[in-house]
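Heads up, the thing below is written out as structure tokens.
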Number of protein chains: 2
Amino acid sequence: MDKKLKPKDALIETASRLFKLRGYCGVGLNDIIAESGVPKGSLYHYFPEGKEQLATAAINYTKQLVIEDIQQVFADASNPLDAFQTYVYELSKAFGEGGDPLGSPIGTIAGETHTTSETIRLACDSTFKDWQAIYAEKFLEAGYSAQDSTSLAVTFHALTEGGILLALTSKSGKPLEAIANQIPFLLAQK
Amino acid sequence: MDKKLKPKDALIETASRLFKLRGYCGVGLNDIIAESGVPKGSLYHYFPEGKEQLATAAINYTKQLVIEDIQQVFADASNPLDAFQTYVYELSKAFGEGGDPLGSPIGTIAGETHTTSETIRLACDSTFKDWQAIYAEKFLEAGYSAQDSTSLAVTFHALTEGGILLALTSKSGKPLEAIANQIPFLLAQK
DNA sequence: GTCTATAACCAGATAGAC
DNA sequence: GTCTATCTGGTTATAGAC
């Protein structure tokens, strides 16, 4: 598979997909080379520092995918309420029944490695901050103060990370659905 | 260490502590026996089904610890707003600088194993539902409808799970602080 | 007989040589 | 791109201590 991808991209794509499903420690390099079809020699050619370096590339790849997804949803929304509700509702469909199984974009990796790999922890931290910056911008545009915007961005990011975790654990889109339904009330007062 | 604990309890306590910090796959049985001082033979005496069985016991142990923590905070709070804000604020202190390093109670384990171990996934799912039941009860007592109470319970649980993840990743209590500060606004309208 | 201690097992890991 | 080295994973076997 991945015949059309260059070896390096095939490695990143496969790694990011498997890490989402089983976490960093749960995926072996053998799994990645088997699924990507890229030989082990090539892996160490493109990623001489090994698994950590491949994981960092996979995290940055996932970061970009998520950014594009968020921006697409946000482009069509006129206010933060619509934007977030639509986004979480879309997540609930993606993690619900039917469709390809998805994992946590990078949350599991962050939870596993925050004490063991400073490199990966920093990659996750920077990814989280980039996502939050997009959220904060949406609040700023709507007239919220800078301080409120960043706090709300953190809060909504936490909501999505936690919601995805609950969806995966219960194998159901319902937790994210419940969260999406609450969002109008959560933002009603401001 | 753990001289005063019985071997079985020492294993559960050590396992739950290490799993919180490094996840399920990231902790080897060798780490657990080394830190607990319990020999490998005893481990398989008390947990004949091995690592999965020990992990399930560790999850249930952590579940109980968290339940007691929640109930203690909730007992002193007259309304859900105070209850949740106090709880999240307490989390922010626990995950902030100083003090023992903490990990995600079971969130990382859930993220790692949802596709690989149905046994552990179900233990995590049941733990999450038990915690949410306590949250929902607090809302019910305050006069919220049954449906709103369960939805709000899911939402606040997601907030805590996501907030803890952000705290660990950034090695800071600030994300949880920001969330705690937003809670009055999130619940203001009802 | 319950529990402990240690040693051996083999599959799998990452890594790297050829 | 294959093939090997080295090490660690979880597991099991067996012998001894209480």
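In this text the structure is predicted, and so the values were computed from the model without any measurement. Chain letters run A, B, ... following the sequence lines, proteins first and then strands; every chain starts at 1.
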Between the main-chain N or O of B:Thr113 and the side-chain N or O of B:Ser117, is there a donor-acceptor pair closer than 3.5 Å?
no
Assess A:Lys51 against A:Tyr24: is NZ or CZ under 6.0 Å from the centre of the six-membered ring, and within 45 degrees of the ring's axis?
yes
Sidechain N-carboxylate O distance under 4.0 Å for B:Lys171, B:Glu97
no
Using the salt bridge (charged side-chain N to carboxylate O under 4.0 Å, His left out) criterion, which residues pair with A:Glu52? Sequence neighbours excluded.
none
Determine whether the aromatic ring centres of residues A:Phe84 and A:Phe139 are separated by less than 6.0 angstrom.
yes
For B:Leu165 versus A:Ala110, what's the shortest heavy-atom pair and its separation?
CD1-CB, 4.1 Å
Pairing string of DNA chain C (Watson-Crick or G-U wobble, both atom distances under 3.5 Å; | = paired to other strand) is |.||||||||||||||||
Report yes if the side chains of A:Cys124 and A:Ile109 come closer than 4.5 Å at any heavy-atom pair, otherwise no.
yes
Applying side-chain hydrogen bond (donor to acceptor under 3.5 Å, both in side chains) to A:Lys40 and not counting sequence neighbours gives A:Asn30
Near DNA chain D, which residues from residues 21-30 of chain B have a heavy atom under 4.0 Å away?
B:Val27, B:Gly28, B:Leu29, B:Asn30
Do B:Lys138 and B:Phe156 form a cation-pi contact, if we require the NZ or CZ to be under 6.0 Å from the six-membered ring centre and within 45 degrees of the ring's axis?
no
With heavy atoms of chain A within less than 4.0 Å as the criterion, where does contact along DNA chain D begin and end?
D:dG1 to D:dT2
Between C1' of C:dT4 and NZ of B:Lys6, the distance in whole Å:
17 Å
Is the side chain of A:Thr160 donor-acceptor paired with the backbone N or O of A:His157 at a distance under 3.5 Å, no angle test?
yes
Answer yes or no: is there an ion pair linking B:Lys174 with B:Glu177, defined by an N-O contact shorter than 4.0 Å?
no
Quick check on contacts: within residues 38-56 of chain B, what sits under 4.0 Å from DNA chain D by heavy-atom distance?
B:Lys40, B:Tyr44, B:Gly50, B:Lys51
Locate the shortest heavy-atom distance separating B:Ile179 from A:Val154; write the atom from each residue and the value.
CG1-CG1, 4.3 Å
